[in-house]
Undergrad: 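So that we are looking at the same thing, I have put the structure below in structure tokens.
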Amino acid sequence: QVQLVESGGGLVQAGGSLRLSCAASGRTFSSYALGWFRQAPGKEREFVAAIDRSGAGTYYADSVKGRFTTSRDNAKNTAFLQMSSLKPEDTAVYYCAAALAALVVTTTQRYNYWGQGTQVTVSS
């Protein structure tokens, strides 16, 4: 079992940057592919980014490609989402999730474990 805790959210002006962290418990962190999702008020949860279990492979939603970067440090059981050039439409609760898989996973249903989320608000 994996427990995930996100941090690093907050209020930032448009054009600014934030780095989210996802700290995981357990000794099998490197067995899991990780994903980042977000949910804005009144909208469905959407995929943002994913990283494979080694950290070598990543995949991004078109809406964040070129602005967001995900990475992981398996020795520290932590994943990161670096967000730059933020826009008001990036405002949402951001979640990290873990899937017992080797390669990147982009579908919500394949993720077994979820964090509680962290709020990101981008002002115009």
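This one's a predicted model, so the numbers in the text were calculated from it and none came from an experiment.
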Undergrad: List the atom of Ala101, the atom of Val105, and the distance in Å for their closest heavy-atom pair.
TA: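 Looks like CB-CG2, 3.8 Å.
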Undergrad: Please list, chain by chain and in numerical order, all residues satisfying ring pair (Phe, Tyr, Trp, His ring centres under 6.0 Å) with Phe37, sequence neighbours excluded.
TA: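 Only Phe47, Tyr111, Trp114 meet the ring pair (Phe, Tyr, Trp, His ring centres under 6.0 Å) criterion with Phe37.
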Undergrad: Hey, are the side chains of Tyr60 and Thr106 touching, using non-hydrogen atoms and a 4.5 Å cut-off?
TA: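 Not touching, per the 4.5 Å side-chain cut-off.
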Undergrad: Quick check with a 6.0 Å cut-off and a 45 degree axis cone: is Arg72 positioned over the face of Phe29's six-membered ring?
TA: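 Because its charged atom sits under 6.0 Å from the ring centre and within 45° of the axis, Arg72 does stack over Phe29.
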Undergrad: Taking atom types as modelled, find out whether Tyr94 and Arg38 have a side-chain donor-acceptor pair closer than 3.5 angstrom.
TA: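 On atom types as modelled, these side chains qualify, holding a pair under 3.5 Å.
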Undergrad: Members other than Val5 in its cluster, when Ile, Leu, Val, Met, Phe, Trp, Tyr link by side-chain heavy atoms under 4.5 Å?
TA: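 Hydrophobic cluster check, Val5: no partners found.
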Undergrad: Within this structure, what is the CG-OG distance for the pair Leu4 and Ser21, rounded to the nearest 0.5 Å?
TA: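 Answer for the CG-OG pair, Leu4 versus Ser21, is 12.5 Å.
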Undergrad: Are there over 12 heavy-atom neighbours, none belonging to Gln39, within less than 6.0 Å of that residue's CD?
TA: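 Check passes, neighbour count above 12.
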Undergrad: Please identify which of these residues, Leu20, Leu18, Ile51, Thr118, meets the side chain to side chain contact (heavy atoms under 4.5 Å, CB included) condition with Leu81.
TA: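 Between Leu81 and the candidates, side chain to side chain contact (heavy atoms under 4.5 Å, CB included) is satisfied uniquely by Leu20.
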Undergrad: From Glu6 CD over to Gln119 CD, what is the distance, rounded to the nearest 0.5 angstrom?
TA: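 Rounded to the nearest 0.5 Å, the CD-CD separation comes to 12.0 Å.
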Undergrad: Taking the six-membered ring of Phe80, is NZ or CZ of Arg19 closer than 6.0 Å to its centre and within 45° of its axis?
TA: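 That pair qualifies as a cation-pi contact.
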Undergrad: Are Trp36 and Val12 linked, directly or through intermediate hydrophobic residues, by side-chain heavy-atom contacts shorter than 4.5 Å (ILVMFWY only)?
TA: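 Linked, Val12 and Trp36 end up in one cluster.
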Undergrad: Taking all atoms of both residues into account, what is the closest heavy-atom pair of Ala92 and Ala40, and its distance?
TA: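 Scanning both residues, the minimum pair turns out to be CB-N, 3.8 Å.
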Undergrad: Please round to the nearest 0.5 Å and tell me the distance separating atom CE of Met83 and atom OG of Ser17.
TA: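 Between Met83 CE and Ser17 OG, I get 8.5 Å after rounding to 0.5 Å.
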Undergrad: Please check: side-chain N/O of Thr78 versus main-chain N/O of Lys76, any donor-acceptor pairing under 3.5 Å?
TA: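 Judged by distance alone, yes, a pair lies under 3.5 Å.
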Undergrad: Between Asn112 and Leu100, is there a donor-acceptor pair closer than 3.5 Å when you use the side chain of the first and the backbone of the second?
TA: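 The answer is yes, because a donor-acceptor pair under 3.5 Å joins these two groups.
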Undergrad: Under 3.5 Å, side chain of Thr107 to main-chain N/O of Gln109, donor-acceptor pair present?
TA: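 No.
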Undergrad: Check Gly9 against Val120 and note the closest heavy-atom contact, atom names and distance.
TA: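 Scanning both residues completely, I find the closest heavy atoms to be CA-CG2, 4.1 Å.
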Undergrad: Salt-bridged, Lys65 to Asp62, with N to O below 4.0 Å?
TA: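 Result for this pair is yes, salt bridge flagged.
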Undergrad: In Å, rounded to the nearest 0.5 Å, how long is the span from CD of Gln1 to OG of Ser25?
TA: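 Answer for the CD-OG pair, Gln1 versus Ser25, is 8.0 Å.
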Undergrad: Run Tyr95 and Cys22 through side-chain contact (heavy atoms from CB on, under 4.5 Å) and show every step you take.
TA: CA-CA 9 Å; Tyr95 300 88; Cys22 175; over 6 Å; no
Undergrad: How close do Val2 and Thr28 get, heavy atom to heavy atom, and via which atoms?
TA: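 It is CG2-OG1, 4.5 Å.
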Undergrad: Taking all non-hydrogen atoms of both residues into account, name the closest pair between Asp52 and Gly55 and its distance.
TA: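 Shortest heavy-atom separation between Asp52 and Gly55 comes out as OD1-N, 2.7 Å.
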Undergrad: Can you tell me how far apart OG (Ser84) and CG (Asp90) are? Round to the nearest 0.5 Å.
TA: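 Between atom OG of Ser84 and atom CG of Asp90 there are 10.5 Å.
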Undergrad: Taking Thr70 for the side chain and Ala49 for the main chain, is one N or O donor matched with an acceptor at less than 3.5 Å?
TA: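 Between the backbone of Ala49 and the side chain of Thr70 there is no qualifying donor-acceptor contact (under 3.5 Å).
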Undergrad: How long is the gap from CZ on Arg53 to CG on Leu34, to the nearest 0.5 Å?
TA: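 These two atoms lie 12.0 Å from each other.
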Undergrad: Got more than 12 heavy atoms from elsewhere within 6.0 Å of OH, Tyr113?
TA: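 Correct, the count exceeds 12.
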Undergrad: Looking only at heavy atoms, which two atoms of Ser124 and Pro88 are closest? And how far apart?
TA: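 Smallest heavy-atom distance, with atoms named: CB-CG, 3.8 Å.
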